[in-house]
Amino acid sequence: MPELPEVETVKRGLNKLIIGRKIKTVLSNTSRSFPNSEFEVKNFMVAARVTNVRRRAKVLIIELSNNYSLVVHLKMTGQLVFVDKKDRFGAGHPNDSLVGDLPDKSTRVTIEFSDKSRLFFNDQRKFGWVRLMPTSEVPNIDFMKKVGPEPLEDDFLPNEFMQRFRKRKNAKIKAALLDQSVIAGVGNIYADESLWGAYIHPCRLTGTLSDKELTDLYQEVRTVMKLSIEKGGSTNRNYVDAEGKRGSYMDFARVFRREGLECPRCGNEIIKIRCAGRGTHLCPSCQKLK
DNA sequence: CACTTGACCTGTCCGC
DNA sequence: TGCGGACAGGTCAAGT
């Protein structure tokens, strides 16, 4: 599921919904999704309050009052859905909700707060995970040590973008965009959308791109992901925000999952190919290989 | 080192 | 209707 805009949307939702709430009980049905021991949960999670929710790349960090944090990666199908005590059986969730009564079959972790409200970590494919650790240890996890800069930060400039991609000259540009150690947060949807915006074929080798093409791509990555955050992210399949609601970026997508339809720029047919091991959407007329 | 591929899971969709 | 195979928002480990 979630790329930077979706994780950012969940982060903003959780900051409105769970700050100050006190954890009462924690239930988990897979050690794979939540490897911490009962001892750790009892001693470093129960009775703590949520103080802040942050995002780094596609990772969420839920900070607790005792200097521990819950680190969450949603991977492909993870959801973090908050249900207030008054919302029974999904009532209170609007019609655009994708989730019904919780917990359901995909629920891996349930956190109940002292006021009976609950936060559910659902994950159909079980690739995602939740991990409790001291807040000071979060920067030391392998992913955090290697992940590249946040592309939407004000101080992330075209020059740094270009320098980072220039080091990956033999990789296909789409593979480099998806590589979280180059820049953070881009996934399959926004890679395709940005490459279309910059008139670049996803299978071009990065070393063949001009300075102008790279700076155009820098702009597109930022523009597309900012727009998506405004739209609450993309609900391609499972993704929902912290209230269980869908995002609407797919209504604005120009190529992603639009194979067989017209390119909004030139009217030629959008195609779907495989590039960098992923399903890839492009306009063969706007995005030439050479 | 740079780069690619397969594995991790469950569910859904498509063709026979 | 049933069944097999391909595919799905992400990352790793292992391979070339």
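Quick note on labels: first sequence line is chain A, next is B, and so on, each numbered from 1. Just so it is clear, the structure is predicted and the values come from calculations on it, not from any experiment.
- Nucleic acid contact for Gly187(A): sugar-phosphate only, since backbone atoms but no base atoms lie under 4.0 Å from a heavy atom of the residue.
- Arg278(A) has a side-chain polar atom (N or O) that falls below the 4.0 Å cut-off from OP1 or OP2 of dG10(C).
- Note that the OG1 atom of Thr107(A) and the CD atom of Gln79(A) stand 8.5 Å from one another [nearest 0.5 Å].
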Taking only N/O atoms, report every protein-nucleotides 12-16 of chain C pair under 3.5 Å with atom names and distance.
from: dC12(C); atom 1: OP2; to: Lys146(A); atom 2: NZ; distance (Å): 2.6

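- In this structure, Lys172(A) places its NZ atom 10 Å from C1' of dC3(B), rounding to the nearest Å.
- Under the 4.0 Å criterion applied to side-chain N and carboxylate O atoms, Arg55(A) and Glu150(A) are assigned as salt-bridge partners.
- Counting to the nearest Å, the C1' atom of dT11(C) and the CE atom of Met144(A) are 13 Å from each other.
- To the nearest angstrom, P of dA8(C) lies 13 Å from CD of Glu3(A).
- At the phosphate of dC1(B), neither OP1 nor OP2 sits under 4.0 Å from any side-chain N or O atom of Lys167(A).
- Relative to the ring axis of Phe156(A), Arg222(A) does not place its NZ or CZ within 45° and under 6.0 Å from the centre.
- DNA chain B is contacted by both Asn170(A) and Lys126(A); Asn170(A) maps to the nucleotide lying nearer its 5′ end (nearest heavy atom per residue).
- The nearest whole Å value for the distance from the CG atom in Asn238(A) to the C1' atom in dT10(B) is 10 Å.
- A stacked arrangement is assigned to Phe127(A) and the six-membered base ring of dC8(B), with a centre-to-centre distance below 5.5 Å and an interplanar angle below 30°.
- Ring geometry for Phe82(A) versus Phe113(A): interplanar angle of 30 to 60°, hence tilted.
- Separation of the P atoms belonging to dC9(B) and dC3(C) is 24 Å when rounded to the nearest angstrom.
- Candidate nucleotides dC3(B), dT11(C), dC8(B) were compared by shortest atom distance to the side chain of Arg32(A), and dC8(B) ranks first.
- The closest side-chain donor-acceptor pair between Asp123(A) and Thr77(A) falls under 3.5 angstrom.
- Looking at DNA chain B, the stems built from 3 or more consecutive Watson-Crick or G-U wobble pairs, each pair with its key distances under 3.5 Å, are B:2-8 with C:10-16, B:10-16 with C:2-8.
- Considering only side-chain atoms of Arg274(A), the nucleotide from dA8(C), dG10(C), dC9(B) that sits closest is dA8(C).
- Put simply, the side chain of Arg168(A) and the base of dA2(B) share no donor and acceptor less than 3.5 Å apart.
- At the heavy-atom level, Ser234(A) lies under 4.0 Å from base atoms of the strands shown.
- Atoms CE (Met76(A)) and P (dG10(C)) sit 6 Å apart, rounded to a whole Å.
- The CD atom of Gln79(A) sits 13 Å away from the C1' atom of dG11(B) (whole-angstrom rounding).
- OP1 or OP2 of dT11(C) sits under 4.0 Å from a side-chain N or O of Gln180(A).
- Rounded to the nearest 0.5 Å, atoms CD (Glu40(A)) and CE (Met45(A)) are 11.0 Å apart.
- Side-chain contact, Lys174(A) with Thr280(A): a donor N or O sits under 3.5 Å from an acceptor N or O.
- Salt bridge annotation for Glu160(A)-Arg164(A): present, with a cationic side-chain nitrogen under 4.0 angstrom from a carboxylate oxygen.
- Counting any heavy atom pair closer than 4.0 Å across all strands shown, Tyr249(A) reaches no nucleic acid atom.
- Using a cutoff of 4.0 Å between basic side-chain nitrogens and carboxylate oxygens, Arg21(A) and Asp84(A) are scored as salt-bridged.
- By the salt bridge (Lys or Arg N to Asp or Glu O under 4.0 Å) test, Arg125(A) pairs with no residue at all, sequence neighbours left out.
- OP1 or OP2 of dA2(B) has not a single side-chain nitrogen or oxygen of Lys169(A) nearer than 4.0 Å.
- Counting to the nearest Å, the P atom of dT4(B) and the CG atom of Leu177(A) are 13 Å from each other.
- Here dC8(B) presents its P atom at 18 Å from CD of Gln124(A), a figure rounded to the nearest Å.
- Inspection of the Tyr239(A) and Glu3(A) side chains reveals no N or O donor paired with an N or O acceptor under 3.5 Å.
- Across all strands, Gly128(A) comes closer than 4.0 Å to no nucleic acid atom at all (heavy-atom distances).
- Using a 4.0 Å cut-off, no side-chain N or O of His73(A) falls inside it from OP1 or OP2 of dG10(C).
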